[in-house]
Amino acid sequence: MASAPAPPPRRVVVCGGGVVGACTAYFLSTHPASPTVPTLIEKSSPACAASGKAGGFLALDWSDSTPALSALARASFGLHHRLAAALDGANAYGFRPVHTLSICLPSQPAEPLSPHPLLPSWVDPSASAAPPRQLGTPDTTAQVHPGLFTKAVLAASGAEVVIGEVERVVVGEGCVVGVAVKGRGVVDADAVVLALGPWSGRFEMVKEVFDVSGLKAHSIVLRPRNPDKITPHCLFLSYQPEPGAKMLDPEVYPRPTGEVYICGMSKDEDVPDDPAAIDGEPDSIAMLHKIAGRVSSQLKTEEGAEVVAEQACYLPCTNDGLPVIGEMPGVKGCYVATGHSCWGILNAPATGAALAELILDGQAKIVDLVPFSPARFLKKKSRRGV
């Protein structure tokens, strides 16, 4: 007689209060058959790192060249629409469909041109050295305010949020039994999710299987002179500061709040211990201000634009460019979700939903997690003889 399937874990601890941890908590607590409200442990505060400082751009089909990522992105784009309907996303966290354009920014200020019909009125005509190209429509691209989205989803999950530093995962006989929290002892758990972005790599059990590094990305947030004139057009720029210089690919995202987010200027760098102690580099911040002023006189601080934020964050990256989502090899009940790079806000809902299914049902249905399994790195190490 076949044995009955094991009951789903009832004590789930999510480590990390970023967007992936928040979405995992939400889909655990709203699981249709086995709703499980987890405990979420965060070292500093929810959305304090990349999840609060990212752009929040969403795209349906921009990952279609990689089939596994395409499935994740398309599922997640649909979930973003469902979440916005369930959580009043338009008002709660600035969810809205957007137009998306590619613009080649001239190296030197150019003579004003006749505005191209695709160019939004708030973008200076001289900002486009060539006709702009349409990259996305309101059917295929959208945006959220990432920090507000993360906090709204986490609040809706009902998770108990504990501020503390997870030092290690406690394992007994090959199974998770809890997490050790600095100054608090062990928090018991039947399942643990490590969703700490690039800080996931600080755990020994993760380091033994794969590497996750940090890409330092800079951004500024401005409030233009006339926020009501800024239309929902996201801009992907190509810009060469001077002849022979490296091409830059900054991005500009107006938000429904009237603020405009500008990002770019990234570099590989070791991740600091404290996610709340990350500062932008002056040269990178200055370049983003220069680019903003080239795009629109509305974004020039000398003409009245207000500086809301100058900041930096670390995007979690893996060696093969795919996120890592799934159960850790050899440790039953320990799951990981990291390495989403610049698509963490987009892909967090499907990641969280798939993990909730894997933890509570034993198998993910919304998306195939096999391409994202941490076990893939064991095979690569084996081939290298490591």
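Basis for what follows: all heavy atoms, side chains included, without hydrogens, waters or symmetry-related copies. FYI, the numbering just counts along the sequence from 1.
- Inter-residue side-chain proximity for Trp199 and Val271 is flagged as met; some heavy-atom pair is nearer than 4.5 Å.
- A donor-acceptor contact under 3.5 angstrom links the side chains of Gln143 and Arg96, judged on distance only.
- Asp268 places no side-chain N or O within donor-acceptor distance of the main-chain N or O of Leu215, the cut-off being under 3.5 Å.
- For Thr318 (side chain) and Leu322 (main-chain N/O), a donor-acceptor pair under 3.5 Å exists by modelled atom type.
- Panel note: side chain Arg184, backbone Val181; no donor-acceptor pair is recorded below 3.5 Å.
- The backbone N or O of Ser44 lies less than 3.5 Å from a partner atom in the side chain of Glu42, making a donor-acceptor pair.
- Under the 3.5 Å distance criterion, the side-chain polar atoms of Thr140 are left unmatched by any main-chain donor or acceptor of Gly136.
- Residues Pro224 and Gly258 come closest through the heavy atom pair CD-O, 3.0 Å.
- The backbone N or O of Leu299 sits nowhere less than 3.5 Å from a side-chain atom of Arg225 that would complete a donor-acceptor pair.
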Using the side-chain hydrogen bond (donor to acceptor under 3.5 Å, both in side chains) rule, take Trp122 and Thr231 through it: C-alpha gap first, then chi angles, then the decisive distance, then the call. CA-CA 8 Å; Trp122 57 272; Thr231 55; 2.9 Å; yes

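- At least one side-chain heavy atom of Val193 sits less than 4.5 Å from a side-chain heavy atom of Ile359.
- Looking only at distances, no side-chain donor or acceptor of Glu259 sits under 3.5 Å from a matching main-chain atom of Val308.
- Residue Gly164 comes nearest to Ile41 through the heavy atom pair O-CG2, 3.5 Å, listed as atom of the first residue, atom of the second, then distance.
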Go through it in stages, so that I can follow the logic: the residues are His218 and Glu310, the test is side-chain hydrogen bond (donor to acceptor under 3.5 Å, both in side chains), and I'd like the CA-CA distance, side-chain angles, deciding distance and then a yes or no. CA-CA 8 Å; His218 291 78; Glu310 297 174 334; over 6 Å; no

side-chain hydrogen bond (donor to acceptor under 3.5 Å, both in side chains) for Asp64 and Ser70? Distances and angles first, verdict last. CA-CA 5 Å; Asp64 280 359; Ser70 175; 2.6 Å; yes

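- At least one side-chain heavy atom of Gln298 sits under 4.5 Å from a side-chain heavy atom of Lys229.
- Ser51 places no side-chain N or O within donor-acceptor distance of the main-chain N or O of Gly18, the cut-off being under 3.5 Å.
- Looking only at side-chain heavy atoms (C-beta outward), Val260 and Arg223 stay at 4.5 Å or farther from each other.
- Put simply, the side chain of His289 reaches to within 4.5 Å of the side chain of Thr301, judged on heavy atoms.
- Ring planes of Tyr261 and Tyr253: parallel class, angle under 30° (limits at 30 and 60°).
- When each of Glu306, Gln311, Lys53 is tested with Val221 by the rule side chain to side chain contact (heavy atoms under 4.5 Å, CB included), just one qualifies, namely Gln311.
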Please assess Glu302 against Lys300 for the test salt bridge (Lys or Arg N to Asp or Glu O under 4.0 Å), listing each intermediate value before the final yes or no. CA-CA 5 Å; Glu302 61 269 29; Lys300 291 181 178 180; 5.1 Å; no

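- Side-chain atoms of Glu160 and Val37, non-hydrogen and from C-beta on, never get closer than 4.5 Å to each other.
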With side-chain hydrogen bond (donor to acceptor under 3.5 Å, both in side chains) as the criterion, how do Thr351 and His340 come out once you've worked through the C-alpha distance, each side chain's angles and the decisive distance to 0.1 Å? CA-CA 10 Å; Thr351 297; His340 292 76; 2.9 Å; yes

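- Considering all non-hydrogen atoms of both residues, Cys15 and Val192 come closest at SG-CG1, 4.0 Å.
- Of the possible polar contacts, one joining the Ser107 side chain to the Gln240 backbone as a donor-acceptor pair under 3.5 Å is found.
- Ala22 and Val153 make their closest contact through O-CG1, 3.6 Å (heavy atoms, listed as atom of the first residue, atom of the second, distance).
- With contacts defined as side-chain heavy-atom distances shorter than 4.5 Å, the pair Val166/Phe203 qualifies.
- Taking CZ of Arg376 as the reference point, atom CG of Asn319 lies at 9.5 Å (rounded to 0.5 Å).
- Side-chain contact between Leu83 and Tyr26 is present, with at least one heavy-atom pair separated by less than 4.5 Å.
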Using residues 273-280 as the side-chain source, report each donor-acceptor pair under 3.5 Å to any protein atom, sequence neighbours left out, with the distance given to one decimal.
residue: Asp273; atom: OD1; partner: Arg202; partner atom: NH1; Å: 2.6
residue: Asp274; atom: OD1; partner: Ala276; partner atom: N; Å: 3.0

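- Side chain of Thr141 to main chain of Val98: a donor-acceptor pair is present (N/O by atom type, distance under 3.5 Å, no hydrogens or angles).
- Aromatic ring centroids of Trp62 and Phe57 lie under 6.0 Å apart.
- A donor-acceptor pair shorter than 3.5 Å cannot be found between the side chains of Asp124 and Ser126.
- A centroid separation of less than 6.0 Å is found between the aromatic rings of His81 and Phe95.
- In this structure, Pro35 and Ser29 approach most closely via the heavy-atom pair CB-O, 3.4 Å.
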